[in-house]
Amino acid sequence: MSDIILEGKDLKKYYPIKTGVLRRTTGHVKAVDGVSFELRKGETLGIVGESGCGKSTLGRLLMRLEEPTDGHVFFGGEDMAKASTSQMRKLRRDIQIVFQDPYTSLNPRMTVGDIVGEPFEIHSDVIPKGGRRKRVQELLDLVGLNPEHINRYPHQFSGGQRQRIGIARGIALNPKVLICDEPVSALDVSVQAQVVNLLEKLQNELGLAYVFIAHDLSVVRHISDRVGVMYLGKLVELGEEDQVYEHPTHPYTQALLSAVPVPDPTLRGKRDQIVLVGDVPSPANPPSGCRFHTRCWRAQDVCKAEEPILQDRPDGVTQHRSACHFAEPRTVVERSE
Amino acid sequence: MNHEQATPTAAYQPVNGRLLEVEDLHVEFHTRDGVARAINGVSFTLDAGETLAILGESGSGKSVTAQAIMGILDMPPAKIPAGAIRYCGQDLLTMPEEQRRKTRGPEISMIFQDALSSLNPVFPVGWQIAEMFRMHRGMNKSDAKEQALRLMQRVQIPAAKERINSYPHQFSGGMRQRIMIAMAIALDPAVLIADEPTTALDVTVQAQIMNLLHDLQEERQMGLILITHDLGVVADVADRIAVMYAGRLVEKADILPIYAHPAHPYTKGLLDSIPRLDQKGQTLRAIAGLPPNLLRIPEGCAFNPRCYLAQDVCHRDLPSLREVAPGRWSACHFAEEVLDV
Ligand SMILES: Nc1ncnc2c1ncn2[C@@H]1O[C@H](COP(=O)(O)OP(=O)(O)OP(=O)(O)O)[C@@H](O)[C@H]1O
Ligand SMILES: Nc1ncnc2c1ncn2[C@@H]1O[C@H](COP(=O)(O)OP(=O)(O)OP(=O)(O)O)[C@@H](O)[C@H]1O
Ligand SMILES: [Mg+2]
Ligand SMILES: [Mg+2]
């Protein structure tokens, strides 16, 4: 049996742009445009990239909260698009999601007990009605919330606690995969660490696999086994965490990593920072060839003409996938300690 | 490009390079649920050419401090029961309204936390920048527009000439933030307060903006107050740091010693709880518990419920901010112990 639990194959999601009184479709936002990757059992795959590059859309496609325009999602080797209704119900239990914003993603009129227990209402065969309250309290305890607070409402909790409620709900049905869309981005640093530690603890105890979406590259490095870097709807680099962070081969990854401030004033001015010029182009009208060529200092004619594919580009040092015609490792983050 | 220095106007001269002096500032909000003591005796100084970072978690009082300096708190519900905010030696809180108006804005200006909501959506950005020159410098329309264009170019808006008549929604988040910077520096302020200027932005854009702020500061010897909760950004740009917790300063020091040896358990906790890009760490040492509710700040030291060092005295006596080593200020009863480990 393969250890790949979730696989995306050439996933695309185009949103129509409608204009005029007739609401005619005049173009498409290519939010996700040909993304392939695999997630192994019990591992964490981090997805990073700038705002608007398609991370959340990818998460929704994997959850099948949205139908892909093209491409496939395989869960345990089965094509989700071909699953029967009853198979789909089972799949929905196995993949769960935790959303970005702990302030708006919880229904303010439901108690914590109702929110965390809602999956049991939808999948009523999992736990008999009588046992649900007890199970919800166990879940609250597991995520570090007071089980006695089961009748409280979301507004009575802090941001970090609300994110824990979202996580408790996400793991209620014992999923195999948890998609975490920026689970700590809205939290303060001191509270962020609590939630990151919780996610790691749950993974160890329950054998969960995570797709961890975030724009904070330090947090992603901390929690991930493998990392995918997205730019304008595409994965540009994908590999083991230390490969991507210590030997990035795509210029975009290099620029992204070099721009992350390191909390160490003794390194000030000593890091070689790659400052990108220009803004991210619109996903409705992405550049030809390599989408990064408009901001890339290494771009040649071929980059405008030919789209580089995400593939292994072995060079003696690195062995991971990169979508650059001129992939070449460059150290931008010195490992310390 | 004009390289005129951001020296205060004739009315103001810094004393020994000192631009700003905040002393024992208190701010409270009178709400239905009671009095929220948002700022409880904050003191710090800012010199020309210096960058002071104010660090602290959400709700600790960073923005309220900035708003008090700028004089933009709504009173009521806000009230300033005590304190002084001196600009070049003159107290902004007690000076006549007319003089205060001529100081805040031209001399001390601010970049706000949320760029989109602080630009007016119905006017072109070039017009909004030009308005600053018309209002404060009495320039005519075409001179003001010319100055606006120069500023847009200075903050690196691509194709500024073509975009001077564009509206805020036609710019990306990073470009809107640069427009805000343009407006904030338009009148050559001596003091610039930047409240989370890059929090909503991506790292690559953040890097562009921090570099820009740095260049402007060097060029004009501006005093910069940078408000943020990002310890990485602070490490890159600050000369000195003030750490806030529950409306008080709990630590104050130069940048290098504070990162190497924090003197307050909260600062230490913050530094320990962030994952680092250049390390593949184990479990993060999170600070337990939550920041306090300002309506019910704990007795003694406000940090005591979360502190690994807390003793009886911490539940009883409020520690004052004291000099615990040369140039090192900490509001902890056990600062010496924290420094030692
Ligand atoms: N329902 C939709 N209709 C039209 N366009 C959409 C829709 N959802 C997303 N988009 C667009 O698709 C692109 C990708 O959006 P997405 O939310 O996936 O980005 P993201 O990487 O999660 O960004 P962020 O870091 O800001 O959360 C954006 O340009 C966005 O405006
Ligand atoms: N108009 C107001 N009425 C009542 N309380 C207020 C008001 N404005 C601010 N406060 C309170 O004052 C405290 C300090 O707020 P402030 O905005 O300074 O926090 P901050 O440190 O800037 O946080 P953040 O990092 O979230 O921006 C908060 O607890 C806030 O709820
Ligand atoms: Mg998103
Ligand atoms: Mg604030």
Side-chain angles (χ1 to χ4, degrees), chain A residues 49-53 157-161 186-198 200-201 215-223 241-242 245-246 252 255-269 271 273-280 282 295 333-337, chain B residues 55-60 156 158 171-175 198 200-208 210-211 229-239 241 254-260 266 269-291 293 306:
Chain A
E50 286 168 286
S51 185
C53 69
F157 293 88
S158 72
Q161 289 173 322
L187 305 178
D188 271 315
V189 254
S190 77
V191 179
Q192 171 182 303
Q194 297 172 5
V195 175
V196 168
N197 286 345
L198 169 66
E200 289 186 323
K201 181 187 104 159
H215 62 258
D216 183 327
L217 285 104
S218 309
V219 174
V220 168
R221 171 160 209 190
H222 178 85
I223 201 167
E241 160 268 314
D242 51 354
Y245 279 77
E246 286 171 36
Y252 176 64
L256 201 60
L257 286 171
S258 84
V260 179
V262 171
D264 183 350
T266 63
L267 298 178
R268 188 185 295 183
R271 295 182 299 127
Q273 208 184 65
I274 305 162
V275 177
L276 288 179
V277 290
D279 284 294
V280 187
S282 157
R295 300 170 82 196
V333 180
E334 296 288 349
R335 197 186 185 118
S336 76
E337 276 169 37
Chain B
L55 196 82
E57 56 200 301
S58 192
S60 59
Q156 295 154 27
F171 291 85
S172 71
M175 280 199 275
T198 58
L201 305 174
D202 293 301
V203 278
T204 56
V205 181
Q206 168 175 293
Q208 292 172 359
M210 292 317 300
N211 287 340
H229 57 254
D230 188 326
L231 289 149
V233 171
V234 171
D236 259 353
V237 302
D239 299 311
I241 307 184
D254 286 345
I255 178 91
L256 287 172
I258 208 169
Y259 275 76
Y266 174 62
L270 279 185
L271 288 167
D272 285 346
S273 63
I274 36 168
R276 285 181 55 154
L277 189 69
D278 55 353
Q279 286 168 9
K280 175 72 179 173
Q282 294 305 302
T283 311
L284 298 172
R285 273 170 291 172
I287 303 177
L290 301 167
N293 176 346
R306 306 176 74 187

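In this structure, the portion of A/Leu267 lying under 4.5 Å from any heavy atom of chain B is its side chain and not its backbone. Heavy atoms closer than 4.5 Å to chain B are found in both the backbone and the side chain of A/Val189. Of the atoms belonging to B/Asp272, not a single heavy atom falls under 4.5 Å from chain A. Looking at B/Leu270, the atoms closer than 4.5 Å to chain A (heavy atoms on both sides) all sit in the side chain, from C-beta outward. Both the backbone and the side chain of B/Val233 have a heavy atom closer than 4.5 Å to some heavy atom of chain A. Only the side chain of A/Glu241 has a heavy atom closer than 4.5 Å to any heavy atom of chain B. Contact annotation for B/Ala260: neither backbone nor side-chain heavy atoms come within less than 4.5 Å of a heavy atom of chain A.
Counting heavy-atom pairs under 4.5 Å between each of A/Val196, A/Val219, A/Asp216 and chain B puts A/Val219 at the top. Comparing A/Asp242, A/Leu256, A/Val195 by how many heavy-atom pairs each has under 4.5 Å with chain B, the most go to A/Leu256. When each of B/Val234, B/Leu271, B/Ile255 is scored by its heavy-atom pairs under 4.5 Å with chain A, the top score falls to B/Ile255. By number of non-hydrogen pairs under 4.5 angstrom with chain B, the leading residue of A/Ala255, A/Pro265, A/Gly52 is A/Pro265. Heavy-atom pairs under 4.5 Å with chain A peak, among B/Asp230, B/Leu256, B/Ile258, at B/Leu256.
Counting only distance, with no hydrogens or angles, the side chain of B/Arg276 and the backbone of A/Ser218 share no donor-acceptor pair below 3.5 Å. Remark: side-chain polar atoms of B/Arg285 are not paired, donor with acceptor, to backbone N or O of A/Ala193 under 3.5 angstrom.
Closest heavy-atom contact between B/Leu277 and A/Arg221: O-NH1, 2.8 Å. Minimum heavy-atom separation, A/Gln273 to B/Asn211: OE1-ND2, 3.5 Å. Nearest heavy atoms, B/Pro275 versus A/Gln192: CD-NE2, 4.1 Å. Across all their heavy atoms, A/Val262 and B/Ala235 have their closest contact at O-CB, 3.6 Å.
With a 4.5 Å cut-off on side-chain heavy atoms, B/Met210 and A/Pro261 do not count as touching. At a threshold of 4.5 Å between non-hydrogen side-chain atoms, the residues B/Tyr259 and A/Asp264 do not count as touching.
If you run side-chain contact (heavy atoms from CB on, under 4.5 Å) between B/Val203 and each of A/Leu276, A/Leu257, A/Val260, only A/Val260 comes through.
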